Amino acid sequence: MSETIKKLAVLTSGGDSPGMNAAIRAVVRTCAFHSIECVGVYRGYEGLIEGDFEPLDARSVKGVINKGGTFLKSARSKTFRTKEGREKAYQNLKNENVDGLVVIGGDGSFTGALVFNSEFNFPVMGIPGTIDNDIFGTSHTLGFDTALNTVVDAIDKIRDTASSHNRLFFVEVMGRDVGHIALNAGIAGGAEEILIPEEDLGLERLVDSLNKSKTTGKTSSIVIVAEGDKIGKNIFELKDYVDQNMEGYDVRVSVLGHMQRGGAPSCFDRVLASRMGVKAVESILDGETNYMVGLNNGKIQLTPLEKAIKGKTKINLELLRVSDIMST
Ligand code: F6P
């Protein structure tokens with residue numbers, strides 16, 4: 001273990017996700033375990049630039065493992081994209097005698113961390129936190145599992161009212177670039193169709209499939225739409241299209257929105273956050289830098305930050321096939 005690292009900083013950046021608090025807790029307690037200091041940075045890179053720091057010890061993170069959001073708060077910082085902003089951040093870290101930085105966030109946050117390291121040779125370590133699960137180098141990002149459970153719960157409730165009224169519902173879920181939430185929650189919620197950014201189903205096939213469902217005796221249907229899907233119409237336009245082009249469907253729209261980002265983290269996300277926090281701190285203490293901690297085949301492993309940023313997650317083709325068969 002490194003003798004030179006005596007104090008670490010931790011921040012959360014970008015869109016929040018359930019499990020971020022559990023990850024901060026794990027970072028803080030691992031620092032305490034190894035008798036090094038830890039400081040929390042408020043509002044992500046904004047707080048780094050403004051010097052908004054608070055010392056955290058093992059007891060400062062009591063009662064947070066079960067809380068959604070992030071008590072350190074999060075932000076998307078424009079100033080950190082400037083050299084002057086990063087210079088200020090570096091000075092603040094030096095003034096506080098911080099020797100390394102743990103960044104909990106998504107690929108934008110990791111890009112900032114990598115630039116920061118290349119300019120100041122400052123040790124950085126990433127923990128993937130986003131509900132979208134769109135980070136290369138980990139099968140699961142923090143918050144993905146919780147968000148799936150939230151979405152499935154919402155679909156189940158929508159199903160109750162859809163079937164009572166024989167209605168077709170378009171349900172929009174988050175995922176501006178990827179369809180992981182839509183595909184997984186869609187299968188679990190028994191959706192008739194799932195529209196994702198990775199695959200353009202096309203309006204004709206959508207209508208065909210809905211018609212087929214009707215002729216095979218389905219009286220209500222749920223179509224899950226990822227917000228970034230490529231069908232070329234937003235969810236309200238989709239409703240209008242079906243209203244105009246299909247007979248006998250009473251169509252409604254439900255946009256789940258930011259409720260998907262909140263709520264108590266699932267058991268899976270709490271355990272994952274704890275494992276990732278321990279690995280992040282111990283890796284920095286082992287002299288590693290510019291890595292992201294990830295989960296691969298059940299093991300916690302490091303992926304170079306550059307790979308994590310540049311790599312693309314792939315949609316699981318087997319899941320696509322399962323969803324096709326299930327909507328028969
Ligand atoms: O956290 C990622 C994400 O949930 C995306 O799926 C979504 O498009 C975006 O955040 C919305 O974030 P905000 O409202 O913070 O801009």
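Quick note: residue numbers are just sequence positions, from 1. Note that ligands are numbered from 1 as they come in the structure, with each ligand's atoms numbered from 1 the same way. All values reported here derive from a predicted model rather than from experimental measurement.
- What sits closest to atom 4 (O) of ligand 1 on the protein, heavy atoms only, is Met174 SD, 3.0 Å.
- Counting heavy atoms closer than 4.0 Å to ligand 1, residue Arg261 contributes side-chain atoms (C-beta onward) but none from N, CA, C or O.
- The shortest contact between atom 8 (O) of ligand 1 and any protein heavy atom is with Glu227 OE2, 2.5 Å.
- Between Thr141, Asp132, Thr130, it is Asp132 that holds the heavy atom closest to atom 3 (C) of ligand 1.
- A cation-pi arrangement, defined by a distance under 6.0 Å to the six-membered ring centre and an angle within 45 degrees of its axis, is present between Lys214 and Tyr249.
- Ring geometry, His180 versus Phe144: the interplanar angle exceeds 60°, so the pair is classed perpendicular (tilted spans 30 to 60°).
- Of all protein heavy atoms, the one closest to atom 15 (O) of ligand 1 is Arg76 NH1, 2.8 Å.
- The side-chain contact (heavy atoms from CB on, under 4.5 Å) with Val39 is formed by just one residue from the set Val10, Asn97, Val98, Leu8; it is Val98.
- Taking a cut-off of under 4.0 Å to the non-hydrogen atoms of Gly175, the atoms of ligand 1 that pass are 6 (O).
- In the hydrophobic clustering (ILVMFWY side chains linked at under 4.5 Å, chained through shared members), Val278 stands by itself.
- The pair Arg167-Asp250 meets the salt-bridge criterion, since a charged nitrogen lies less than 4.0 angstrom from a carboxylate oxygen.
- Using a 4.5 Å heavy-atom cutoff, the side chains of Asp153 and Ile155 are not in contact.
- In terms of protein heavy atoms, atom 14 (O) of ligand 1 is closest to His258 NE2, 2.6 Å.
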